[in-house]
Every structure is written in C-alpha cells, then in structure tokens.
There are 2 protein chains.
Amino acid sequence: MESIKHRYSRQRETILQVLRGTLEHPNADWIYNKTRRIIPNISLGTVYRNLSQLVESGRIIRIKDDAVIRYDANIKHHDHFRCTSCGRWYDIEILDNTVIESFNKKHKFHIEAFNLELEGVCEICL
Amino acid sequence: MESIKHRYSRQRETILQVLRGTLEHPNADWIYNKTRRIIPNISLGTVYRNLSQLVESGRIIRIKDDAVIRYDANIKHHDHFRCTSCGRWYDIEILDNTVIESFNKKHKFHIEAFNLELEGVCEICL
DNA sequence: TAAATAACAGTAACTATTACTATTAGCTTG
DNA sequence: CAAGCTAATAGTAATAGTTACTGTTATTTA
Ligand SMILES: [Mn+2]
Ligand SMILES: [Mn+2]
Ligand SMILES: [Zn+2]
Ligand SMILES: [Zn+2]
C-alpha cells in the first residue's frame, strides 16, 4: 500500500477530494458528475482509472467488488467464506442474534437483513 | 415467501435441480451452461427470469445483489449499515477480532479479509 | 377441447465497466 | 531551462452481465 508511484494529476486529486467530501459511499457515476462541476471535460474513463489507482495505492477502498450475482439453493441464513486460492465457497455460521442484539442496543436501527463474507485461504489450500 | 403462483415449467424445475446439485454458489452463466446439457435450446433469458422467480418465491437466495461498485474514502476497517428507506450508508463497527479468533478456532482457514453489511431502517427514518 | 395467458426462445437494448488511441502534460536529465 | 520520455488524459469503442421485447408454445382451468 501507498507504494505505487504515480505522477501528480489534477483529475486524480480532485476525485479524491470529492470522495473525501462525502459520506454517500458513491459509485463511479456519482463521483464523475460531482467531479465534472470542477473539471467539466473530465472523462468517465479517467474517473474509473483513477478510482482503481486510488484503491491500488490504498487511499480509498472499494465496497462490493464482485459485480456478478451469485445464487445459492441453501436458503437458511448463513454466512460465506470464499477461498482466494481455489475459489471455493464455504457456508459458515458466525453471526448469531447476540451480535445483532448488541448492535441494537448501541444504535436504534431496525435490522432487516445482514450479510457477512469472509475471504482467505481454506484448509485444503493451506 | 412461497406464495407466488407459478405454472409448472420443465425449465424452471431443471434450473432448480441444477442449483440444488452444487455447492459452487454459481452465477447465471454457469447455471445456464449446466442446464443446457439437459435442455440444449434453453435461452439465457429464461435462466435469468426463472432465477429471479425462484428468489421471489423463496426457493433460492441471491448473493451480492448490488452490481454497482461503491467507493469509500474511509480506509480503516469498518462495517456498513444501509437504510432501505432513505438509502443512507452508515459506517459501523460490529466485528472485532474476537469474532475472527473464534472462527479461527473452529475452522483452520486463514482469514485475509471480512466484510459485514447490515440492511434495515435507520433511526432517522423510524 | 377450447380459451386464457404464463412461459418460452431468440434477439435487441441497456448499464456498468474496461480497453483502445491519438494527444497532453508531469517529471527527469543534460 | 529546454528536450525527451512516457504516464495520464479525453474521447470513443468494446465487453460483460443483465433486463426488456416479441411472436410462438405450452400449462392450466372450465
Ligand atoms: Mn451458501
Ligand atoms: Mn464506509
Ligand atoms: Zn482453497
Ligand atoms: Zn434512513
């Protein structure tokens, strides 16, 4: 992290400032439109390229990496562990209601659903 | 759940059997190719439509609903709560290392990353 | 058996993202 | 401070995953 050497560019710095100025967790298009108010002729491709570089250099993070929808015939609630080495998916159980209840005590939110995904190397691959 | 009335179709039943026969957590394309071995001229649109109907009727679930990548300038590890009413994203802290350690004791996996996402109605909207 | 319409195959359209290309601009070295 | 190297850019084309449309087929009901 933070080790990749990039030349300065006004576009990249502006994109970073735009993202730092919001709590929206926006997507590329939202960032594109905000940034266009500062650099009107910036290209959408530039936004995508710089967002990727900013992730690469650890200055921002990306949420929901996997753009593909996956399906599961196991319909009882469960969590997932995905092995980055072999790609296997494992059904696991970590979160129970105690976690949720402790959350409910701190915040006054009404939880409808929760999803936990772990990533790492599985026993077979180790 | 299970209340929507659908006519029988060989395509839908085959898709369901294909998904029930694997632990792959496959995407639509994988399911399409497997199902084509049984119904060679099935259409990809049919696969998508039936997967959606099966989700609707609660016979399967979908993982990673949101196909859009979102970005966050808050790079310290944190979880998210998203309000289904107003769309706001909240940075939260639920998972700590005790959860991970207890997982490590049960399974011999090496965890590299984990991501928790909660969904519900926030305090403002309640 | 016939009418009503859900579901189908095939295809077109759409959306988010990535790749390509000629031009511009940040950095390094003399 | 040029000159040259090449990363980064704007603009556009291409790709991937998904959804929408359309005329035909098949399931259900009476
Ligand atoms: Mn599963
Ligand atoms: Mn966040
Ligand atoms: Zn593995
Ligand atoms: Zn809300």
For the pair H78(A) and H80(A), name the ring-plane relationship: parallel under 30°, tilted 30 to 60°, perpendicular over 60°. perpendicular
Between atom CD1 in I42(B) and atom C1' in dA26(D), what is the gap in whole Å? 15 Å
Quick one: the side chain of R49(A) and the base of dT18(C), do they pair up donor-acceptor inside 3.5 Å? no
Whole angstroms only, please: what is the CG-P distance between L51(B) and dT19(D)? 10 Å
From dT17(C), dA8(D), dA7(C), pick the nucleotide closest to the side chain of H6(A)? dA8(D)
Give one of base, sugar-phosphate or nothing for N50(B), where a contact means two heavy atoms less than 4.0 Å apart. sugar-phosphate
Run the side chain to side chain contact (heavy atoms under 4.5 Å, CB included) check on W89(A) and D72(A) step by step: do they pass? CA-CA 10 Å; W89(A) 289 67; D72(A) 192 347; over 6 Å; no
State whether Y48(A) places a side-chain N or O below 4.0 Å from either non-bridging phosphate oxygen (OP1 or OP2) of dT18(C). no
Smallest heavy-atom separation, R7(A) atom then R12(A) atom, equals O-NH1, 2.6 Å
Donor-acceptor pair between R49(A) and T46(A) side chains, under 3.5 angstrom: yes
Side chain of L44(B) only, please: which of dT9(D), dT18(D), dA7(C) is the nearest? dT18(D)
Distance, rounded to the nearest Å, where Q11(B) contributes CD and dT27(D) contributes P: 8 Å
Difference in axis direction between the ends of the helix from dT1(C)-dA30(D) to dG30(C)-dC1(D), five pairs, 10°: 40°
Can you check the K5(B) NZ to dT27(D) C1' distance for me, whole Å? 11 Å
Among Q11(A), H6(A), E13(A), which residue meets the side-chain contact (heavy atoms from CB on, under 4.5 Å) test with N50(A)? Q11(A)
Audit row: H25(B), D91(A), side chain to side chain donor-acceptor pair (under 3.5 Å) steps and yes/no: CA-CA 10 Å; H25(B) 297 73; D91(A) 288 354; 2.9 Å; yes
Could you please name the option among dT18(D), dT28(D), dA16(C) that lies closest to any side-chain atom of Y8(B)? dT28(D)
Take the protein atom CD1 of I39(B) and the nucleotide atom P of dA26(D), then report the distance between them rounded to whole Å. 12 Å
Among dC8(C), dG26(C), dT17(C), the nucleotide that comes nearest once only the side chain of S9(B) is considered: dC8(C)
Hydrophobic clustering (ILVMFWY, side-chain heavy atoms < 4.5 Å, transitive) - are Y90(A) and I111(B) grouped together? yes
Of all the nucleotides listed (dC27(C), dA16(C), dA7(C)), which has the minimum atom distance to the side chain of Q53(B)? dA7(C)
Is it true that, when you exclude L23(B) itself, more than 12 heavy atoms of the residues, nucleotides or ligands shown sit nearer than 6.0 Å to its CG? no
Taking any heavy-atom pair under 4.0 Å as a contact, classify I69(B): base, sugar-phosphate, or nothing. sugar-phosphate
Rounded distance (Å) that lies between atom C1' of dG11(D) and atom CZ of R36(A): 13 Å
In whole angstroms, how far is the P atom of dG10(C) from the CG atom of N41(B)? 5 Å
For DNA chain D, whose closest nucleotide is more 5', that of N27(B) or that of T46(A)? T46(A)
Given atom CD1 of I63(A) and atom P of dT17(C), what is their separation to the nearest angstrom? 13 Å
